[in-house]
Amino acid sequence: MTGITGLSKKNTFVLTIRDADVIAAALRETLAEASPEERPGLERAVALVEATAAADEGRLQARWVRSRLAETGFTGDLDSVAAVRALRQAEPRLSLLAAVHLQKEAVAHPE
């Protein structure tokens, strides 16, 4: 699970929260006890979770911005005023400064 906190008109920071390490540990524990038939799928799941956990904060924020914009139907240029406006409409508690920071992360970390 990835969440973004610090969304407040009074806050100018964005704190990324994630628990991929907890999920990876649970998958590794399950993998240790898995039957030979279950192992390939669980090994793939562990690899995917570990790859996601290795993503830096900027990439996570960029992914979050894209998902929020996609939910609102925004299809325009990420590097536009319209993108900031759409992000703030999707997250009304987001300050302008935080929205611009998140927009820059999305532009800096293309998919």
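Only heavy atoms go into these numbers, but all of them, side chains included; no hydrogens, no water, no symmetry mates.
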Separation between OG1 (Thr52) and CZ (Arg59), nearest 0.5 Å, reads 12.0 Å
- For Leu69 and Trp64, what are the C-alpha separation, side-chain angles and deciding distance, and is it a side-chain contact (heavy atoms from CB on, under 4.5 Å)? CA-CA 9 Å; Leu69 291 176; Trp64 182 83; over 6 Å; no
Rounding to 0.5 Å, atoms CZ (Arg28) and CG (Asp21) come to a distance of 8.5 Å
Give every donor-acceptor pair under 3.5 Å between a side-chain atom in residues 104-111 and any protein atom, sequence neighbours left out.
residue, atom, partner, partner atom, Å
Glu105, OE1, His109, ND1, 3.3
His109, ND1, Glu105, O, 3.0

*Would you check if Leu94 and Leu102 make a side-chain contact, meaning some heavy-atom pair closer than 4.5 Å?*
yes
When every non-hydrogen atom of Val84 is compared with those of Ala99, the smallest separation belongs to CG1-CB, 3.9 Å
Side chain proximity check, Gln103 to Leu78, heavy atoms < 4.5 angstrom: no
(request) Could you check if a side-chain atom of Arg88 sits within less than 4.5 angstrom of a side-chain atom of Leu96, using non-hydrogen atoms only? (result) yes
Value for CD (Glu91) from CD (Glu71), rounded to nearest 0.5 Å, stands at 8.5 Å
In terms of heavy-atom contacts, Ala34 and Leu42 come closest through CB-CD1, 3.5 Å
A side-chain contact here means heavy atoms from C-beta on lying under 4.5 Å apart; do Leu27 and Leu31 qualify? no
Any side-chain heavy atom of Arg68 sitting closer than 4.5 Å to one from Arg63? no
Here the pair of heavy atoms bringing Phe74 nearest to Ser80 is CZ-OG, 4.0 Å
Sequence neighbours excluded, the answer for salt bridge (Lys or Arg N to Asp or Glu O under 4.0 Å) partners of Arg39 is Glu43
